[in-house]
Amino acid sequence: MLILMSGLDYSQAPIELREQLSFTKTQVGALDRRIREEVEGVLGCVLLSTCNRTELYLSCEEGAELLPGELLCGAVGADYGLFEEAFVTRRGRVAVRHLMEVAGGLKSQIWGEDQIVSQVKGAIAAAREAEAADPVLETLFRNAIAAGKEIKTKVRLTNVAASAAERAVQVLERDMGRLSGRRALVIGNGEMGRLAAGLLRQAGCAVTVTLRTYRHGETVVPAGCAVVPYEARFTAMEGADIVLSATTSPHYTVTVEQLRRVARPPARVVDLAMPRDVDPAAGELPGVTLYNVDALGAEQHRGQVPQAVRDILSDHMERFYGWERYRRCLPALEALKLAVTERILSYPEVGEEALDREDLAALTAARAVDLVAGALKERFGPEDLERCAEKIRAHTAVKSRERGEQSGKTVSFSHIC
């Protein structure tokens with residue numbers, strides 16, 4: 001088994017570059033399936049795409065010489081040369097630890113952010129739905145998600161904002177003063193949009209949220225917020241102090257031409273989307289200040305990783321590699337089980353005096369070997385188990401030839417191994 005990943009994130013790639021390799025959930029699933037099916041040597045594939053990063057994780061055959069970043073660019077028809085310097089490729093334990101640190105929010109632009117665990121969970125779910133996730137990546141992502149959740153519940157990483165939406169409200173309060181009484185329009189009613197609307201409402205804003213469609217019993221609007229159809233967003237924008245956009249649209253929700261036609265444009269425009277919702281040129285209009293996710297996260301403090309967090313990461317890495325060790329041991333355990341069972345059945349008291357109970361004896365021996373061999377995986381690798389099985393087979397062959405003169409002799413398992 002070989003785990004490879006390539007990723008680009010805010011630390012290596014500006015937002016203009018990242019958004020070119022930013023994908024919707026549907027696109028992620030399609031890419032997972034395509035790479036898994038079309039690339040020789042790939043056993044499993046999971047693509048993680050967020051505002052901060054795009055990372056491709058592969059489970060490969062041993063010896064595979066692949067660059068996941070190059071594969072991703074090839075799958076979407078992008079020029080790898082434009083991204084090559086921004087991509088970082090990791091292998092083996094380095095890749096495993098990186099994913100667990102990502103899930104814990106330790107690699108996020110907003111350190112310790114809350115949304116990343118659900119984003120990692122969504123990535124493996126999309127790969128599973130696309131039938132692109134193999135047992136190795138399923139287990140790796142399950143352990144990473146568990147590590148991220150444990151970090152969130154047991155360790156307080158920082159006192160600063162834990163989400164891009166919370167950070168946006170903090171920046172607006174810093175630059176505008178108290179938000180109480182301000183008018184705000186939130187474009188988008190997804191998870192991030194609802195979170196932002198709720199936080200602005202808590203800060204005292206009169207908040208309006210856009211809706212594309214309304215489904216009774218399914219559409220959730222934060223308490224105290226007004227609603228307006230998405231198509232009427234520019235009418236609702238007139239006279240607003242703040243506009244915040246957080247959609248999954250592949251196109252701009254606010255272009256510079258549209259904003260220029262607003263008689264009284266908002267003083268602050270916040271873009272929490274990836275790819276971006278707001279035309280970057282909108283920030284050049286007189287009286288308009290535009291924030292994107294990079295601008296919001298740039299001032300976040302990078303604290304020292306607490307020992308408790310390092311312990312959690314080490315524990316979940318050991319769990320993953322313990323499972324991987326066991327998986328590699330399975331063929332050798334089966335061979336050892338067969339060898340020991342055959343050895344037990346070769347004893348004269350089983351082979352000659354209990355022939356009518358041979359099936360029962362075989363079952364009993366196999367179950368006993370299961371109990372013994374199951375514990376061996378904790379101390380020995382597959383190569384050790386295979387050598388043990390070979391030695392037992394050799395010993396069984398010798399004893400079979402000597403059965404006439406060795407009848408009744410008992411050989412201990414410890415002596416054989």
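Residues take their numbers from the sequence shown, with the count starting at 1. Below, each value reflects all heavy atoms present in this structure, side chains not excepted, and no hydrogens, waters or symmetry copies.
- Side-chain contact annotation: Asp9 with Ser11, donor-acceptor N/O pair under 3.5 Å present.
- Remark: Arg319 CZ to His316 NE2 distance equals 4.5 Å, nearest 0.5 Å.
- Considering only heavy atoms from C-beta on, Ile151 comes within 4.5 Å of Leu313 through its side chain.
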Determine whether Arg233 and Val228 satisfy the following criterion, side-chain contact (heavy atoms from CB on, under 4.5 Å), listing intermediate values before the conclusion.
CA-CA 7 Å; Arg233 62 193 182 281; Val228 66; 5.7 Å; no
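- Atom CD of Glu40 is surrounded by 12 or fewer heavy atoms from other residues, nucleotides or ligands within 6.0 Å.
- Thr255 is not listed as a side-chain neighbour of Arg260, based on a closest heavy-atom distance of 4.5 Å or more.
- By the neighbour-count criterion of 12 heavy atoms within 6.0 Å, atom CD of Glu129 is sparsely surrounded, having that number or fewer from other residues, nucleotides or ligands.
- Asp134 and Ser59 form a side-chain donor-acceptor contact under 3.5 Å, judged by distance and modelled atom types alone.
- Between the side chain of Thr210 and the backbone N or O of Tyr230 there is no donor-acceptor pair closer than 3.5 Å.
- Between Glu318 and Arg325 there is a salt bridge, since at least one side-chain N of the basic residue sits less than 4.0 Å from a carboxylate O of the acidic one.
- Leu272 and Ala165 get closest at one heavy-atom pair: CD1-CA, 4.0 Å.
- A donor-acceptor contact shorter than 3.5 Å is absent between the side chain of Ser108 and the backbone of Glu113.
- Annotation for Leu296 and Ala164: closest pair CD1-O, 4.3 Å, computed over non-hydrogen atoms.
- No side-chain N or O of Gln115 forms a donor-acceptor pair with one of Ser118 less than 3.5 Å apart.
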Step-by-step side-chain contact (heavy atoms from CB on, under 4.5 Å) determination, Leu200 to Val169
CA-CA 7 Å; Leu200 287 168; Val169 174; 4.0 Å; yes
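- Here the closest non-hydrogen pair linking Thr247 and Ile187 is CG2-O, 3.6 Å.
- For the pair Ala64 and Leu2, the tightest heavy-atom approach, listed with the atom from each and the gap, is O-CD2, 3.7 Å.
- For the pair Glu257 and Arg261, the salt-bridge criterion is not met [side-chain N within less than 4.0 Å of a carboxylate O].
- Between the side chain of Ser314 and the main chain of Asp311, no donor-acceptor pair closer than 3.5 Å is present.
- Inter-residue side-chain proximity for Val102 and His98 is flagged as met; some heavy-atom pair is nearer than 4.5 Å.
- Side-chain atoms of Lys152 never come within 3.5 Å of backbone atoms of Ala147 as a donor-acceptor pair (strictly under, hydrogens ignored).
- In this structure, OG in Ser245 is found 12.5 Å from CG in Asn292, a value given to the nearest 0.5 Å.
- The backbone N or O of Glu16 lies less than 3.5 Å from a partner atom in the side chain of Gln20, making a donor-acceptor pair.
- At a cut-off of 3.5 Å, with distance as the only test, a side-chain donor of Glu55 or Tyr57 sits close to an acceptor on the other residue.
- A distance-only check finds no donor-acceptor pair linking the side chain of Arg194 to the backbone of Gly188 [under 3.5 Å].
- Side-chain contact between Lys149 and Lys121 is present, with at least one heavy-atom pair separated by less than 4.5 Å.
- Put simply, the side chain of Asp241 never gets that close to the backbone of Arg182: no donor and acceptor are under 3.5 Å apart.
- In summary, Arg142 and Glu138 do not engage in a salt bridge, as defined by a charged side-chain N under 4.0 Å from a carboxylate O.
- Counting only heavy atoms from C-beta outward, the side chains of Leu179 and Leu172 approach each other to under 4.5 Å.
- Pro306 places a side-chain heavy atom less than 4.5 Å from the side chain of Val309.
- Not a single donor-acceptor pair under 3.5 Å links the side chain of Arg90 to the backbone N or O of Ser6.
- Inter-residue side-chain proximity for Val221 and Leu211 is flagged as met; some heavy-atom pair is nearer than 4.5 Å.
- At distances below 3.5 Å, at least one donor-acceptor pair connects side-chain atoms of Glu19 with backbone N or O atoms of Arg276.
- The closest side-chain donor-acceptor pair between Tyr10 and Arg53, if any, does not fall under 3.5 angstrom.
- Ion pairing of Arg36 with Asp32 is absent here, as no side-chain N (NZ or NE/NH1/NH2) approaches a carboxylate O to less than 4.0 Å.
- The side-chain heavy atoms of Phe23 and Leu72, taken from C-beta on, include a pair separated by under 4.5 Å.
- Side-chain N or O atoms of Asp279 include none that pairs as donor or acceptor with a backbone N or O of Val254 at under 3.5 Å.
- Salt-bridge annotation for Asp294 and Arg18: present, with a side-chain N of the basic residue lying under 4.0 Å from a carboxylate O of the acidic one.
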